Amino acid sequence: MTDTTSALTRRYQGELAARQQQGLWRQSGENAVAESWRNFAGNDYLGLAQDPRLVKKAQQHLERWGVGATASPVVSGFTAAHQSLCDHLCDWLGYPQALLFNSGFAANQALLFTLLGKDDVLFQDKLNHASLIEAGLLSPATQRRFRHNDMAHLRQLLAKQTQPSESLIVSEGVFSMDGDVSPTESLAAIANQSSALWALDDAHGIGVLGQEGEGSISRGARPDILIVTFGKALGIAGAAVLASPTIIDYLRQFARHYVYSTAMPPAQAALIEDAIRLARTEHWRRETLSGHAEQLTQGLHDWLETTSAFEPHAGNRQPFPQLLATPSPIKPLIIGDLAALQLVNQALMKAHIRVGAIRPPTVPANTARLRISLSAQHQKTDITALIEALKPVLASGKACEVTP
């Protein structure tokens, strides 16, 4: 074997060592430990992932459909369970057609790889998810990134195009690291004025926003293309793209992620439909999230600067920590410095509380943070425990030390 002597392997070893030295080493989450800990690190916003009714439904669907689809959806992998889920999605979200994918990553990549050619232009918010940014980089289209939620900048970029109608604008409904929302009405107006297509990835909005959990479209504007995922608020896995018959037919014909992948297991499709029914009708879940957010903000009021958006201050030092006031269950606690983040995270771990400690390059330099993720499954006592574990380390001032 050449693994130990290959120049490629030596390069990998060097890059891995550098990442460790920078304090950016990633490892798999210890889910076994999390079962006995208070978990604020997941995306189970509605608390459906462990719902006993869905567990029972999963067993029933497995008995009926088996464990796998066995083939691509264009061969023999598409079943009545898949069609029923598509119909339910269209009824819920008001689109004529839907296409299912095995993950949000696959859906986003299929979308950008398939719909764009070398003469097209892709406009993306700078804080879009890695699946979208990577797809844009690898796409034959020219990618232009506009400043986060800066509609004036987007207009400036579009104005430079000789054929703006040959463009696709992509943003997110709720941004996963800051928990803020995009200006959907402005995006819709800009897309309409320029005749560009507009796509919205609502992975973190679906199930959470709106009277029936319909997500970001509840705020009034409706994108040409809507991407929703089932592994966050709906508690399962997979994704769907919703759009006009022309766009869905085009993806069905040419999207390699769809044509050449085994279809989502039919039992999973049936279970997702069950989860959607609960998300639509059990309004108490969204009400519980609002109560948790208020409790967290009030409980940390004396120890934190609370702000509605993160904007770096001039100079090397910034007023940390900051708790971002967001309209979503994602509550980022901006620490800034990696060493300070580690101190705060260690204090939480001692209290058997798990929170996502997010570091560059996932977020910009000097914006390391705790990504506090609220769930309807949390009890008030869980929020209280989180607050009490944070207070001592925040009060000590060590979390405010920012390295220039």
Side-chain angles (χ1 to χ4, degrees), residues 15 19 22 24 26 43 101-151 153-158 160-161 164 166-184 186-187 190-191 196-206 216 223-229 231-232 239-241 243 251 255-258 309-312 328 330 332 356 358-369 371:
E15 292 178 5
R19 171 150 288 200
Q22 293 163 0
L24 301 177
R26 292 172 173 149
N43 297 318
F101 291 87
N102 284 315
S103 71
F105 208 104
N108 282 339
Q109 299 235 319
L111 189 74
L112 299 191
F113 288 160
T114 307
L115 296 185
L116 297 170
K118 63 181 181 63
D119 296 324
D120 302 325
V121 182
L122 170 64
F123 296 92
Q124 293 217 57
D125 189 294
K126 280 198 171 183
L127 294 190
N128 276 356
H129 189 264
S131 59
L132 291 166
I133 299 302
E134 180 189 64
L137 291 171
L138 299 177
S139 164
T142 299
Q143 178 166 261
R144 299 279 185 263
R145 297 173 68 182
F146 56 93
R147 291 185 292 270
H148 178 50
N149 280 348
D150 189 335
M151 297 297 97
H153 190 213
L154 174 58
R155 288 189 180 92
Q156 290 173 5
L157 294 176
L158 273 165
K160 297 177 181 179
Q161 299 304 125
E166 296 179 355
S167 302
L168 175 64
I169 302 168
V170 183
S171 188
E172 297 195 33
V174 175
F175 290 88
S176 61
M177 290 297 114
D178 284 355
D180 58 340
V181 299
S182 61
T184 53
S186 295
L187 285 165
I190 291 171
L197 281 177
W198 169 40
L200 191 74
D201 178 354
D202 208 25
H204 295 271
I206 198 69
S216 296
D224 300 300
I225 304 167
L226 180 67
I227 306 101
V228 298
T229 62
K232 298 176 175 64
V241 174
L251 290 171
R256 292 187 293 275
H257 294 72
Y258 182 81
F310 177 70
E311 295 183 4
S328 73
I330 303 165
I358 311 299
R359 302 160 296 180
T362 304
V363 294
N366 296 322
T367 70
R369 67 195 63 188
R371 181 186 181 272

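A quick note: this is a predicted structure, and the numbers were derived from the prediction, not measured.
- What you find for I169 and I190 is that their closest heavy atoms are CD1-CG2, 4.2 Å.
- Considering only residues two or more places apart in sequence or on other chains, F105 meets the ring-ring contact (aromatic ring centres under 6.0 Å, His included) condition with none of them.
- When all heavy atoms of R144 and T142 are compared, the closest pair comes out as NH1-CG2, 3.0 Å.
- M151 places a side-chain heavy atom less than 4.5 Å from the side chain of L187.
- Residues S139 and F113 share a closest heavy-atom pair of N-CE2, 4.0 Å.
- Taking both residues in full, the closest heavy atoms of S182 and S171 are given as CB-OG, 3.6 Å, listed atom of the first, atom of the second, then distance.
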Task: Test log, rule side-chain contact (heavy atoms from CB on, under 4.5 Å), inputs L116 and Q143 - done: CA-CA 10 Å; L116 297 170; Q143 178 166 261; over 6 Å; no
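- Residues passing the side-chain hydrogen bond (donor to acceptor under 3.5 Å, both in side chains) test with D201, sequence neighbours excluded: N108.
- Here CG of D178 is found 11.5 Å from CD1 of I358. Values are rounded to the nearest 0.5 Å.
- Heavy atoms only, all atoms of each residue included: P223 and L200 are closest at CG-CB, 3.7 Å.
- For R19, the CZ atom is densely surrounded, since the number of other residues' heavy atoms within 6.0 Å is greater than 12.
- Looking at D202, its side chain never comes within 3.5 Å of a backbone N or O of V228 through a donor-acceptor pair.
- Identified under the ring pair (Phe, Tyr, Trp, His ring centres under 6.0 Å) test for residues 115-146, with sequence neighbours left out: none.
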Task: Full working for side-chain contact (heavy atoms from CB on, under 4.5 Å) between L168 and D224 - done: CA-CA 10 Å; L168 175 64; D224 300 300; over 6 Å; no
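- Annotation: ring-ring contact (aromatic ring centres under 6.0 Å, His included) contacts of H153 (sequence neighbours excluded): none.
- For the atom pair T229 OG1 and I206 CD1, the distance stands at 8.5 Å (nearest 0.5 Å).
- Here the closest heavy-atom approach between residue S131 and residue Q109 is recorded as O-NE2, 3.3 Å.
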TODO: Take H148 and D180 through the side-chain contact (heavy atoms from CB on, under 4.5 Å) test and state the conclusion after the steps.
DONE: CA-CA 10 Å; H148 178 50; D180 58 340; 2.6 Å; yes
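- N128 is linked by a side-chain hydrogen bond (donor to acceptor under 3.5 Å, both in side chains) to Q124, counting only residues two or more places apart in sequence or in another chain.
- Listed by first then second residue, pairs satisfying salt bridge (Lys or Arg N to Asp or Glu O under 4.0 Å) with a partner in residues 118-141 number zero, not counting sequence neighbours.
- No donor-acceptor pair closer than 3.5 Å links the side chain of R145 to the backbone N or O of I133.
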- [ ] Applying side-chain contact (heavy atoms from CB on, under 4.5 Å), run through L251 and Y258 and close with a yes or a no.
- [x] CA-CA 8 Å; L251 290 171; Y258 182 81; over 6 Å; no
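- We find the NE2-CG distance between H204 and N43 to be 5.5 Å, quoted to the nearest 0.5 Å.
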